[in-house]
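Beneath this line is the structure, given in structure tokens, with notes to follow.
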Amino acid sequence: KAVVKGELQVCALYAAVGGGRPQLLESTLPFSQIVDVDGLDDGCDCDVTVEVASLEMKPRAGGDGSVRSFLLSCKLCASVSAGRDGDLPVVYDAFSTRYEAELTRDEIALETRLCTVDESFQCKKTLEFSDGALGTVLDLWCEVQTGAARNEGNRLTVSGTVLVCLLLADADGHPSYQERPIDFTYHCELSASPENMRCDPRIEVVSPGFTLQGASAMEVRVELRFFAPVCDVRRLPLLTDLSIDEGAPRKARADGALVIYYADAGEALWEIARRYNASPTAISELNTLSGEALEAPAALLIPVQ
């Protein structure tokens with residue numbers, strides 16, 4: 001089980017009855033949830049992502065009919081991924097010297113985490129507005145629309161787009177809403193270069209800010225946090241199932257108990273044993289061999305069934 005804890009930051013923009021300038025209400029709500037994860041134990045490292053699945057906010061009237069509070073209903077979606085460092089035993093091949101065998105192979109993706117990038121950086125842009133369109137900034141918030149990472153040797157390049165959302169008011173107090181995109185690119189050095197990288201970055205807005213530059217322009221500054229585990233992915237054809245049919249014995253060779261095989265340098269002992277349906281250990285012991293491959297050409301005695 002994984003215990004997921006965090007805080008939900010709620011920002012509500014509302015207008016009082018009778019009009020007036022909109023007001024901003026900010027509140028922080030803690031949450032805690034237990035998530036069942038198969039295979040998870042104390043030796044695992046966990047990455048957790050929590051997203052808002054749905055949000056509903058309604059004004060709530062008191063006993064005198066006045067509205068002084070809100071009723072908030074929110075559903076969160078928590079995603080947990082876990083892994084551990086260590087050696088993983090795998091099986092590439094198998095055969096039976098006595099019975100017919102049916103093998104099942106599949107390409108399995110194995111990931112090795114090289115590092116975890118957790119850095120903050122700032123992007124900024126000067127936004128231009130037509131005369132009179134800027135007015136007063138009632139509220140400003142930002143959302144990360146897209147984010148992608150690519151590997152360039154030992155350097156990780158992150159690029160994406162931040163959508164700046166603006167709630168403005170003109171000279172008469174009439175509100176208007178505008179959106180402006182800001183493209184960004186960020187580079188960071190990696191401790192190792194992956195051959196086949198998998199990196200799913202999480203880019204979050206830490207804090208937005210702005211500075212007015214006259215009546216028709218403003219500089220927007222957005223601090224972003226980039227968090228991403230960088231993994232090297234290897235896809236291996238591994239043995240996933242083995243079925244031995246004891247009712248189907250393999251036919252014994254009728255041409256003797258030993259076969260002389262002239263092997264070339266570099267040949268694998270396992271492949272020779274499989275070809276002649278023999279035991280790799282028996283071939284190694286009979287020919288006084290060490291290692292999994294022949295270092296030089298040799299005439300081998302192969303004990304056969």
Side-chain angles (χ1 to χ4, degrees), residues 38-45 47 81-116 150-156 190-200 229-305:
D38 292 338
L40 184 66
D41 56 33
D42 294 338
C44 294
D45 294 328
D47 293 328
S81 62
R84 64 163 57 89
D85 293 331
D87 295 330
L88 180 65
V90 297
V91 179
Y92 284 92
D93 195 11
F95 67 92
S96 171
T97 60
R98 294 187 179 182
Y99 304 102
E100 296 295 335
E102 181 178 353
L103 309 181
T104 302
R105 291 184 174 86
D106 198 1
E107 191 175 61
I108 305 298
L110 302 178
E111 295 186 357
T112 301
R113 179 175 296 188
L114 300 180
C115 61
T116 299
R150 65 181 184 274
N151 181 33
E152 298 175 344
N154 277 24
R155 188 172 71 166
L156 186 66
L190 298 177
S191 57
S193 179
E195 295 181 6
N196 185 20
M197 185 187 74
R198 186 186 71 82
C199 179
D200 299 322
V230 180
C231 299
D232 194 6
V233 182
R234 297 180 60 192
R235 305 191 70 88
L236 304 177
L238 302 181
L239 187 66
T240 58
D241 193 20
L242 171 64
S243 178
I244 303 296
D245 187 0
E246 297 183 358
R250 302 193 67 167
K251 295 181 179 180
R253 295 177 64 99
D255 52 357
L258 290 174
V259 172
I260 300 177
Y261 174 71
Y262 295 94
D264 294 327
E267 284 197 62
L269 188 61
W270 175 272
E271 296 299 332
I272 298 174
R274 171 183 265 281
R275 186 184 310 165
Y276 289 97
N277 190 33
S279 166
T281 303
I283 297 176
S284 180
E285 292 177 351
L286 184 61
N287 295 274
T288 318
L289 300 176
S290 61
E292 299 180 357
L294 297 177
E295 297 180 357
L300 302 181
L301 295 178
I302 311 295
V304 296
Q305 297 290 336

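Quick caveat: nothing in here was measured; it's all calculated off a predicted structure. Count residues from 1 along the sequence. Just so you know, these numbers use all the heavy atoms, side chains as well, and skip hydrogens, waters and symmetry mates.
Considering CD of E111 and CG of N196, their distance stands at 9.5 Å, rounded to 0.5 Å. Taken to the nearest 0.5 Å, the CZ atom of R150 stands 9.5 Å off from the CG atom of L156. How far OG1 of T104 is from CG of L239: 7.5 Å, rounded to the nearest 0.5 Å. Atom OG of S279 and atom CD of E285 lie 7.5 Å apart (nearest 0.5 Å).
Partners of R155 according to the salt bridge (charged side-chain N to carboxylate O under 4.0 Å, His left out) rule, which considers only residues two or more places apart in sequence or in another chain, are E152. D245 meets the salt bridge (charged side-chain N to carboxylate O under 4.0 Å, His left out) test with no other residue; sequence neighbours excluded. Taking the salt bridge (charged side-chain N to carboxylate O under 4.0 Å, His left out) definition, one finds that E267 meets it with R275, sequence neighbours left out. For D42, the side chain to side chain contact (heavy atoms under 4.5 Å, CB included) criterion is met by no residue, not counting sequence neighbours. For D200, the salt bridge (charged side-chain N to carboxylate O under 4.0 Å, His left out) partners are R198, not counting sequence neighbours.
R250 has its side chain within reach of E100: a pair of non-hydrogen atoms, C-beta onward, lies under 4.5 Å apart. Within the 4.5 Å cutoff, the side chain of I108 has no heavy atoms near those of the V90 side chain. For the pair T97/N277, a side-chain contact is recorded, criterion being any heavy-atom separation below 4.5 Å from C-beta on.
Taking every heavy atom of both residues into account, W270 and P280 meet most closely at CE3-CG, 3.9 Å. Among all heavy-atom pairs drawn from R274 and D93, the shortest one is NH2-OD1, 2.7 Å. Taking all atoms of both residues into account, the shortest heavy-atom contact from P237 to R235 is CD-O, 4.2 Å. When all heavy atoms of L190 and C115 are compared, the closest pair comes out as CD2-SG, 3.8 Å. Among all heavy-atom pairs drawn from L242 and A94, the shortest one is CD2-CB, 4.3 Å.
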With a 3.5 Å cut-off and sequence neighbours excluded, list the donor-acceptor pairs that the side chains of residues 286-304 form with protein atoms.
unit_1 : atom_1 : unit_2 : atom_2 : d
N287   : OD1    : L301   : N      : 2.9
N287   : ND2    : I283   : O      : 2.9
N287   : ND2    : L301   : O      : 2.9

Practice item. Any chance you could lay out the side chain to side chain contact (heavy atoms under 4.5 Å, CB included) test for D41 and R84, step after step, and finish with the verdict? Key: CA-CA 9 Å; D41 56 33; R84 64 163 57 89; 2.3 Å; yes

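Formation of a donor-acceptor pair under 3.5 Å by the R113 side chain with backbone atoms of P229 is not found in this model.
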